[in-house]
There are 4 protein chains.
Amino acid sequence: MKKLAVITSGGDAPGMNAALFGVVKAAARHDIEVFGCVNGYIGIIKEEFMLLTEAELFKVIDVGGTILGTQRFPEFAEKEIQTKAVDILKKHEIDGLAVIGGDGSYHGARALSQLGFPVAAIPGTIDNDIALTDITLGFHTAVENAVDAIDKVKTSAASHKHIFGIEVMGRQASDIAIWAGLATAADGIIGTNNDWNLEKVLKGIKMSAGKSQIYILAEGAISADQFKAEIESHSEYKVHPLVLGHIQRGGKPSVTDRIMGIKFGEQSVNTLLEGRTGVCLAVQNNQIVELELDKVLHASNNKPFLPFVSQNI
Amino acid sequence: MKKLAVITSGGDAPGMNAALFGVVKAAARHDIEVFGCVNGYIGIIKEEFMLLTEAELFKVIDVGGTILGTQRFPEFAEKEIQTKAVDILKKHEIDGLAVIGGDGSYHGARALSQLGFPVAAIPGTIDNDIALTDITLGFHTAVENAVDAIDKVKTSAASHKHIFGIEVMGRQASDIAIWAGLATAADGIIGTNNDWNLEKVLKGIKMSAGKSQIYILAEGAISADQFKAEIESHSEYKVHPLVLGHIQRGGKPSVTDRIMGIKFGEQSVNTLLEGRTGVCLAVQNNQIVELELDKVLHASNNKPFLPFVSQNI
Amino acid sequence: MKKLAVITSGGDAPGMNAALFGVVKAAARHDIEVFGCVNGYIGIIKEEFMLLTEAELFKVIDVGGTILGTQRFPEFAEKEIQTKAVDILKKHEIDGLAVIGGDGSYHGARALSQLGFPVAAIPGTIDNDIALTDITLGFHTAVENAVDAIDKVKTSAASHKHIFGIEVMGRQASDIAIWAGLATAADGIIGTNNDWNLEKVLKGIKMSAGKSQIYILAEGAISADQFKAEIESHSEYKVHPLVLGHIQRGGKPSVTDRIMGIKFGEQSVNTLLEGRTGVCLAVQNNQIVELELDKVLHASNNKPFLPFVSQNI
Amino acid sequence: MKKLAVITSGGDAPGMNAALFGVVKAAARHDIEVFGCVNGYIGIIKEEFMLLTEAELFKVIDVGGTILGTQRFPEFAEKEIQTKAVDILKKHEIDGLAVIGGDGSYHGARALSQLGFPVAAIPGTIDNDIALTDITLGFHTAVENAVDAIDKVKTSAASHKHIFGIEVMGRQASDIAIWAGLATAADGIIGTNNDWNLEKVLKGIKMSAGKSQIYILAEGAISADQFKAEIESHSEYKVHPLVLGHIQRGGKPSVTDRIMGIKFGEQSVNTLLEGRTGVCLAVQNNQIVELELDKVLHASNNKPFLPFVSQNI
């Protein structure tokens, strides 16, 4: 094995650069060169490769986003494009590909693997919505970012006794909402549609006797504007809506995401070196494990990963 | 002089607690007790006073918001209510009042002073929209908060080559937008209506050749949603709008706001002790000066305070 | 059950206030009052109790240290003093005690329990040196603090090509050193005496060809001054020593420590309510479990908790 | 003017990268290429030049240190070496040089200017010890870093009622100590030898009745170890010494340092373009002014820049 390629794909997630560092570091131990394909799968097709060095990546371990870039490329669902990608990778004498991304990226990774090209995937998404892994790369930092923002709102809200509905990311997953709500002791967490109960919220506000109230809203459950409209049309209360948006994606990766990223990156190289393909890495009980991409893509991600639940007590 | 009162009024601003600490610290040197009136002017009318201690306030020097609370109280514009406030303060043997707040709070302060009650005001607002002071308490931290958020967006935007319109606070003032835009080397700053030039923005985006673009929008000039609508209805570009909102108000006060707050607080006590009233403090050329409230309220605040301009070179 | 008491004991750890919040919140659900004993075990003997309220503790969830205070009290090893403590607790009609602290505090907790007083302990120490729990309260934040400091040194070191030996806390445990070293991709981690190999370090520095070098030193393995002396007396290299010290203990608790603290606090109340005593809480595979204090105190804590190890791959 | 060179020299300071960005941005407006000389003056002699681009520097506006590197080079005091530097710069058709650094770097800049080579200098040092400028690039961030560290120590100290002597940087200048001490409401600030008064400190500790005490020590006045030794040898108090060291140099530049850096960089290009040489930039009353290097090097920097002093009140 002489050359590997790596892409970051889908939404950017803090820790992706750390994962790239891990890939390059492990590859260097075996004198393997690593090429980054610019902007995800499209970079393969466009043959935009850049040689990655440990020294350069060392500088961005603590930087959010991905220095490789990432871009939507729906055409990669077409078999013809996939075959072209494999041809290009082979033409450049690339021996394997590490894919860092979310659900959509996993489909592309499986396709390449089914065409015979060695692929190992790493779960990189802030949403924590990939099946069979406790946690995805970037999620922990996204929660830290959300909590940091909520902390800032908290002192202002307390000064004015305001009611806030704060919408956090997570697509259909409620993990960011739950973690951020727990860490800030929010007055309510609306993680799914089922959690939404207007009467209960109105009662909670009434019981709070004029103190500030902070509700954390998963974007897949209810938007901040909807929350405001619901409360204000059924009561005299005034609601301040706030959409945290992209500030959740950036910033310095947390310790957890940095270490996870580096270890994921290193293991992806080992996996390819040892000849396994069509797999993705995952975290189960704080350990990195390897799973079949096919299995993960068929599993449902039907429940959030809850932190520090009391079990069997 | 045995007893002073202090209120925080209007929008909360980081550094207000530091100012309260400064008031109490300076008062303690002269064995003066300080009472905080809860939630601003309304706390006087409701006779909700709390004795403030140096030890308690020391703990919150680095905490945003105001432990005294603040609340809208438009009725305080009525002469009858103002007279009642003076009567209550006298009944409690309060010898003077420090008011920490913005423009609206200054009107109340002037009114009490005109009724013969000793008042000294401190400019506390994140908007930096008070006349004749270079800078107001809380503004510097608000800019730090905005810049911190924009930094986070920056790595994500760069990864995806997104175009962002980021709306910052400041009411009619453009100072937060200008400072935050300069500190992040934003692609454009729309500080006032006059800065808005659709053609120029579209040209800038075109010239950027597909790189990420970040525009900082003063809320008084153009909203993030308007910005998005303008761009998207006149081009093929897709815009991500982001409203930073209340995260700008909170968080740890910056070094600048902490020192300024403490010094403002201390000086307000000295001012009252030395028998001056109807005045407000201000910063001019990094020094604290004292101005007539009446003069400040009649002056126009027609230009932003620009940082580090090259002059006479 | 009407009244519970709680203490924080031993070295302070970020998240202790969150744990206090958790105790009070869970107790409130059962109409139980919670009294904090000031400064740890000594507060029981001195009968310094303060009623804790959810509203007050809510404000300090995101604040380091412990609002209850903590103090060394070696006399608590004496049976007579322990008996006195039980008598005092009973006199005040306290029905159970939650102890938040490290190894030393656990001995006190076991003693009270053996005297028949209901006790539940929570592992609160930044050192992560308690047996049978993956992680202790405060450890994650301590690592974040260390990494934040190392990040700051990193840009300066790179600018000058300096060699740094950075000493981190952890008493005899190497966990902080290992995690912080991994997260910053340090050039070397000296976690235990056995890791210390002068020749290897000198070779590493030589191989780095004049680039900056950062070594993370566990305080129980080698001090920064020793590291400097060893290198400088055996080579021409100049070393910058840095002892991070108490900045590791403070600051905002990380999301992990906040949630863990709240959940630990809540579970300790449930444990006491359900009549179990002489136990401590622990985290195993991200879940909170309950263990016999006696078992934990007899177990050895002989290995660090390693993050994201690849297992069975 | 077609080509400019720029160096960062002396100790690194947060904001140096922002200044490099400013240089390149202003140069680009006039189609001037900018070359960075690696590691300061030595890079000129070694002819290690790198072409700087706006896109590359944009990414590091918010990163501490200097991407150009900096290195001691005492030989640059020799006239022969200086002449060689001018020859090399001319050989490469460089039309002017911007020097970002402290006092030592200013001497080199003056020498080149006296040899007829156009030079403009920018005050870049965390110590704030350059004459005739209110503030130097990097100082504000160094204070933020120190305050952030002291905040972390503060909660731990309060929990244990510890006495801390915290040594901050600043060489012979006391500015960091004074600003950091004010912003944290420290119990004492030892900025110069004259501030040191053992009896006063012991009295202060005694009066504090067992509460935590934090003293901020300028490195030029008294070291943390000396402070500890003095207190402990003359009393029963136990002191915790802490040397903040290089964590003060790094980290994200504050808003103040970012804007100042960019504006300094831009103005240095304008200065050279307009044909002035042998000058340095400075900040006076928040504006950037231009001064003769010779004048600045002969002036004494005998007093700290005090923030928000009350004047003529």
Side-chain angles (χ1 to χ4, degrees), chain A residues 18 21-22 25 54-55 57-59 61-62 134-135 140-141 143-144 146-148 150-151 154-155 158 179-180 182-185 211 252-264 266-267 270-271 274 276 279 281 283-290 305-313, chain C residues 18 21-22 25 54-55 57-59 61-62 134-135 140-141 143-144 146-148 150-151 154-155 158 179-180 182-185 211 252-264 266-267 270-271 274 276 279 281 283-290 305-313:
Chain A
F21 174 78
K25 195 179 164 195
E54 207 173 324
L57 284 162
F58 174 74
K59 290 183 199 161
I61 289 173
D62 59 352
D134 289 345
I135 199 165
H140 193 272
T141 305
V143 178
E144 286 284 4
V147 165
D148 185 56
I150 299 165
D151 282 350
K154 180 179 157 180
T155 51
W179 284 58
L182 287 173
T184 56
K211 279 190 297 187
K252 279 179 171 265
S254 73
V255 158
T256 299
D257 276 325
R258 291 197 207 187
I259 300 178
M260 195 195 305
I262 295 172
K263 296 280 188 180
F264 268 150
E266 291 178 340
Q267 179 55 44
N270 293 340
T271 295
E274 290 162 16
R276 291 186 300 282
V279 297
L281 304 179
V283 173
Q284 293 180 350
N285 292 338
N286 300 311
Q287 296 184 339
I288 293 181
V289 297
E290 211 175 279
F305 174 57
L306 298 177
F308 306 118
V309 172
S310 295
Q311 204 73 7
N312 308 323
I313 299 189
Chain C
F21 174 78
K25 196 179 162 195
E54 208 173 323
L57 284 162
F58 174 73
K59 290 183 200 162
I61 288 173
D62 59 352
D134 289 343
I135 200 165
H140 193 272
T141 304
V143 178
E144 286 285 3
V147 165
D148 184 57
I150 298 165
D151 281 350
K154 180 179 158 180
T155 52
W179 284 59
L182 287 173
T184 56
K211 281 189 296 187
K252 279 179 171 266
S254 73
V255 159
T256 300
D257 276 325
R258 291 196 207 186
I259 300 178
M260 195 195 304
I262 295 173
K263 295 279 189 180
F264 269 151
E266 292 178 339
Q267 179 55 44
N270 293 340
T271 296
E274 291 162 15
R276 292 186 300 283
V279 297
L281 304 178
V283 173
Q284 293 179 351
N285 292 336
N286 300 311
Q287 296 183 338
I288 292 181
V289 297
E290 211 176 279
F305 175 57
L306 298 177
F308 307 118
V309 172
S310 295
Q311 204 75 6
N312 308 321
I313 300 188

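Lettering follows sequence order; numbering is per chain, from 1.
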Problem - Largest heavy-atom contact set with chain A, pairs under 4.5 Å, which of C/L281, C/D151, C/N270 - result: C/D151
Fill in the blank from the handout: The reported gap from OG1 in A/T184 to CD1 in C/I61 (rounded to nearest 0.5 angstrom) is 7.5 Å
Problem - Any donor-acceptor pair under 3.5 Å from A/E144 side chain to C/S254 backbone - result: no
Completion exercise
So, the part of A/I262 with a heavy atom under 4.5 Å from chain C: the answer is side chain
Exercise for the section: Answer with side chain, backbone, both or neither: which region of C/L182 has an atom nearer than 4.5 Å to a non-hydrogen atom of chain A? Expected result: both
Exercise for the section: Using distance alone, with no hydrogens and no angle criterion, decide if A/T256 and C/H140 have a side-chain donor and acceptor under 3.5 Å apart. Expected result: yes
Practice task
Go through the atoms of C/F264 and report whether side chain, backbone, both or neither lie under 4.5 Å from a heavy atom of chain A.
Solution key: neither
Handout entry: Engaged part of C/T155 at the chain A interface, taking heavy atoms whose separation is under 4.5 Å
Key = neither
Exercise for the section: Answer yes or no: is there a side-chain heavy-atom contact under 4.5 Å between A/Q267 and C/F308? Expected result: no
Problem - Region of C/K25 that comes under 4.5 Å of a non-hydrogen atom in chain A - result: neither
Handout entry: Part of C/V309 lying under 4.5 Å from any heavy atom of chain A
Key = backbone
Handout entry: Test item: A/K252 and C/V147 side chains (from C-beta on) under 4.5 Å apart, heavy atoms
Key = no
Practice task
Considering non-hydrogen atoms only, spot the tightest contact between C/K211 and A/A55 and give its length.
Solution key: NZ-CB, 4.4 Å
Problem - A/I150 CD1 to C/D62 CG distance, which is reported to the nearest 0.5 Å - result: 11.5 Å
Handout entry: Shortest non-hydrogen separation from C/A185 to A/F58 and the atoms involved
Key = O-CE1, 3.5 Å
Exercise for the section: Quick one: pull up CD in C/Q284 and CG in A/N286 and give me the separation to the nearest 0.5 Å. Expected result: 11.5 Å
